[in-house]
Novice: 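Please find one structure pasted underneath; my questions will follow.
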Amino acid sequence: MAYWLMKSEPDEFSIDDLQQCKNKTETWDGIRNYQARNFLRDKVKLGDTVFFYHSSCKVPGIVGLATVSSEPYIDQSAFDQTSTYFDAKSSIDNPRWVAVDLTYKSKFKRIITLAELKADPNLAKMLLVSKGARLSVQPVTQQEFDYILSLE
DNA sequence: GCCAACGTTGGC
DNA sequence: GCCAACGTTGGC
């Protein structure tokens with residue numbers, strides 16, 4: 001089983017929103033970055049565990065856990081002209097983007113903030129804190145995962 | 001809201 | 001295939 005960190009803007013979709021979804025599960029779509037897409041398509045597996053990260057907000061950081069609850073599938077929002085995720089270059093014949101389902105697992109008692117993660121020498125090599133890491137889907141190592149869980 | 005850092009596009 | 005211009009992300 002692999003570990004991931006996925007970013008979401010809480011104004012758009014927060015961990016509380018995920019918890020309140022039907023079956024606590026929602027489509028994780030709208031990824032429009034090739035590197036992130038490649039992870040989703042090629043590496044993310046059903047049953048993987050995900051750090052749910054809040055970005056572009058007052059206190060950015062990891063707020064809880066989710067589980068990948070589907071295999072990757074074609075991101076239909078790319079075909080929807082009314083969607084903000086519409087992409088004219090993705091076609092049904094040649095789909096460009098993928099999505100997975102995420103299921104709520106737990107919410108941390110506190111936010112493990114980006115500032116805290118950045119300041120921690122044990123996490124100096126983590127992708128999230130490395131320069132210009134804008135990836136919205138990124139791998140987390142077993143060591144990083146266990147260590148961050150222990151911070152809660 | 002600013003802007004640094006990155007990604008993407010498109011002319012050549 | 002290079003690279004300048006533009007767009008986006010996301011912390012601050």
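Throughout, protein chains are lettered first and strands after them, A, B, ... in sequence-line order, and every chain is numbered starting at 1.
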Novice: Can you check whether A:Tyr34 and A:Trp97 have ring centres sitting under 6.0 Å from each other?
Specialist: yes

Novice: Between C:dG7 atom P and A:Asp87 atom CG, what is the distance in whole Å?
Specialist: 16 Å

Novice: Over how many whole Å does the gap from A:Arg32 atom CZ to B:dG7 atom C1' extend?
Specialist: 15 Å

Novice: Can you check the A:Phe39 CZ to B:dG7 C1' distance for me, whole Å?
Specialist: 15 Å

Novice: For A:Ile112, does its backbone N or O pair with a side-chain atom of A:Glu152 as donor and acceptor, under 3.5 Å?
Specialist: no

Novice: How close do A:Leu46 and A:Glu71 get, counting heavy atoms only, and between which atoms?
Specialist: CB-OE2, 3.5 Å

Novice: Can you measure A:Gln35 atom CD to C:dT8 atom P for me and round it to whole angstrom units?
Specialist: 18 Å

Novice: Categorize A:Glu9 for me: base, sugar-phosphate, or nothing, with a 4.0 angstrom heavy-atom threshold over every strand shown.
Specialist: nothing

Novice: Just to be sure I understand the geometry, which residues of residues 109-123 of chain A put a non-hydrogen atom under 4.0 Å away from DNA chain C?
Specialist: A:Leu114, A:Lys118

Novice: Whole angstrom is fine here: how far is it from NZ in A:Lys131 over to P in B:dC3?
Specialist: 18 Å

Novice: In a check of salt bridge (charged side-chain N to carboxylate O under 4.0 Å, His left out) between A:Asp75 and each of A:Arg32, A:Arg37, A:Arg96, A:Arg41, which one passes?
Specialist: A:Arg32

Novice: Only one of A:Asp101, A:Thr103, A:Asn23 forms a side chain to side chain donor-acceptor pair (under 3.5 Å) with A:Ser69, so which one is it?
Specialist: A:Thr103

Novice: For a side chain to side chain contact (heavy atoms under 4.5 Å, CB included) with A:Tyr3, tell me which candidate from A:Thr141, A:Asp48, A:Thr49 qualifies.
Specialist: A:Thr49

Novice: How many Å lie between CG on A:Asn33 and C1' on B:dC6, as a whole number?
Specialist: 10 Å

Novice: I need the single residue from A:Leu128, A:Asp120, A:Ile62 that forms a side chain to side chain contact (heavy atoms under 4.5 Å, CB included) with A:Ile148. Which is it?
Specialist: A:Ile62

Novice: Do you know which of A:Met6, A:Lys7, A:Gln138 makes side chain to side chain contact (heavy atoms under 4.5 Å, CB included) with A:Tyr53?
Specialist: A:Lys7

Novice: Between A:Trp97 (CH2) and B:dG7 (P), how many Å, whole number?
Specialist: 13 Å

Novice: Anything under 3.5 Å between a protein N or O and an N or O of nucleotides 9-11 of chain B, put it in a table, one pair a line.
Specialist:
none

Novice: Could you check A:Phe108, A:Tyr104, A:Trp28 and say which one makes a ring-ring contact (aromatic ring centres under 6.0 Å, His included) with A:Phe52?
Specialist: A:Trp28

